[in-house]
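In what follows, a single structure is set out as structure tokens and then discussed.
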Amino acid sequence: MNKINTRAITLAATLTALCFVTGMLPYVFFLPVMVAATTLSLGMTAFVGLAFGAVSIMYCFVMPASPVAYAFIEAPYIAIFPRILAAVGAFAVYRLILKLAKPKKRATRAVAVGAAAATGSVLNTAFVVGLFLLVVPSMQVGEVTMLAYAPIMLVSGAIELACMAVITPPVSMTLDKFVLNRAKKRPIASVAVQASAQTNGADAAAQPEAQTDEKD
């Protein structure tokens, strides 16, 4: 158990660090958060979402000026809370699908991961754009207002949704198998139980034979 927890913490730290890399890449910047939502616990998922929000604010001071950057600096909570809520929402969808799905095969998990990642992307776009329009609708950079910039963000959000639904499943399932080792532990445990049962059965069968030999 401690070994798995250590690996999970290491993965959470790695995904947090990756936020600094993907934060500069269009359409896949939310990938570490979606991977966390489909591999880690709720608390760790929320932490990675928080870290991503913090990274988003940091980049506003070094990236080219845009309505989004000015809005995040003006109202930092718009960069923080939507990312946490989107991460938690994706986590909930993933767990719910796995709980309801029968049979629980690898293909089922891939669908669950893809659906959760798509949901997280939609929630992220909806919460961020919604708060922009609610809190700073008239914020202007050059000749572009936040209200005029909203359609561009929605188009980017739609592209991001498709990317998250396609890219997250292979990344998440690979990490789950080779980093967290969950897929390997179940067969080993199953084999151990079967071997123990066979050994006990063999011992039980050998005892009557031994008793027969002693009587003879």
Side-chain angles (χ1 to χ4, degrees), residues 8 10-42 44-69 71-72 76 78-95 97 106-107 109-132 149-180:
T10 302
L11 179 57
T14 302
L15 292 174
T16 300
L18 282 176
C19 290
F20 287 92
V21 178
T22 60
M24 298 184 294
L25 303 176
Y27 311 128
V28 297
F29 65 92
F30 211 45
L31 181 62
V33 183
M34 294 300 93
V35 172
T38 53
T39 56
L40 301 176
S41 66
L42 178 59
M44 290 183 181
T45 297
F47 175 80
V48 177
L50 171 64
F52 181 84
V55 170
S56 299
I57 298 173
M58 292 173 58
Y59 275 136
C60 292
F61 294 94
V62 296
M63 300 295 283
S66 69
V68 173
F72 281 165
I78 299 179
I80 300 292
F81 293 113
R83 275 55 191 273
I84 298 175
L85 293 175
V88 171
F91 177 89
V93 169
Y94 173 68
R95 296 288 178 170
I97 293 177
R106 183 175 176 83
R109 184 167 183 272
V111 171
V113 173
T119 300
S121 178
V122 169
L123 291 176
N124 177 57
T125 301
F127 287 145
V128 171
V129 175
L131 285 175
F132 278 159
Y149 198 69
I152 298 175
M153 290 188 287
L154 292 176
V155 171
S156 296
I159 299 173
E160 176 200 317
L161 186 158
C163 291
M164 291 297 96
V166 172
I167 297 174
T168 307
V171 175
S172 176
M173 295 177 71
T174 299
L175 290 174
D176 197 54
K177 180 177 180 180
F178 294 104
V179 176
L180 299 177

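Here, residue 1 is the first one in the sequence, and each next residue gets the next number.
Closest approach of S56 to A79, counting heavy atoms only: CB-CB, 4.4 Å. The two residues T45 and A36 come nearest to each other via the heavy atoms OG1-O, 3.1 Å. Residues I84 and A46 approach most closely at CG1-O, 4.1 Å, considering heavy atoms. The minimum heavy-atom distance linking G49 with A87 is given by the pair CA-CB, 4.4 Å. Between A116 and Y94, the shortest heavy-atom contact is CB-CB, 3.6 Å. Between V129 and A150, the shortest heavy-atom contact is CG1-CB, 4.4 Å.
No more than 12 heavy-atom neighbours from other residues, nucleotides or ligands sit within 6.0 angstrom of CZ on F81.
Here L42 contributes atom CG and R95 contributes atom CZ; the two are 9.0 Å apart, rounded to the nearest 0.5 Å. With rounding to the nearest 0.5 Å, the separation of CG in L85 from CG in L123 is 8.5 Å. In this structure, CG on D176 lies 6.5 Å from OG1 on T39, to the nearest 0.5 angstrom. To the nearest 0.5 angstrom, I80 atom CD1 is 10.5 Å from F52 atom CZ. Put simply, CG on L11 and CG on L180 are 5.5 Å apart, with the number rounded to the nearest 0.5 Å. Put simply, CZ on R106 and CE on M173 are 3.5 Å apart, with the number rounded to the nearest 0.5 Å.
Within the 4.5 Å cutoff, the side chain of R83 has heavy atoms near those of the N124 side chain. No side-chain heavy atom of F91 sits under 4.5 Å from any side-chain heavy atom of L40.
Side chain of S121 to backbone of A117: no donor-acceptor contact under 3.5 angstrom is found. Remark: the backbone N or O of V35 is paired with a side-chain donor or acceptor of T38 at under 3.5 angstrom.
Looking at residues two or more places apart in sequence or on another chain, you find a side chain to side chain contact (heavy atoms under 4.5 Å, CB included) between P169 and V113. Evaluation of the side-chain hydrogen bond (donor to acceptor under 3.5 Å, both in side chains) rule for T119 yields no partner, not counting sequence neighbours.
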Atom pairs and distances, side-chain donor-acceptor, residues 15-34, under 3.5 Å, sequence neighbours left out:
from : atom 1 : to  : atom 2 : distance (Å)
T16  : OG1    : A12 : O      : 2.8
T22  : OG1    : L18 : O      : 3.2
T22  : OG1    : F29 : O      : 3.1

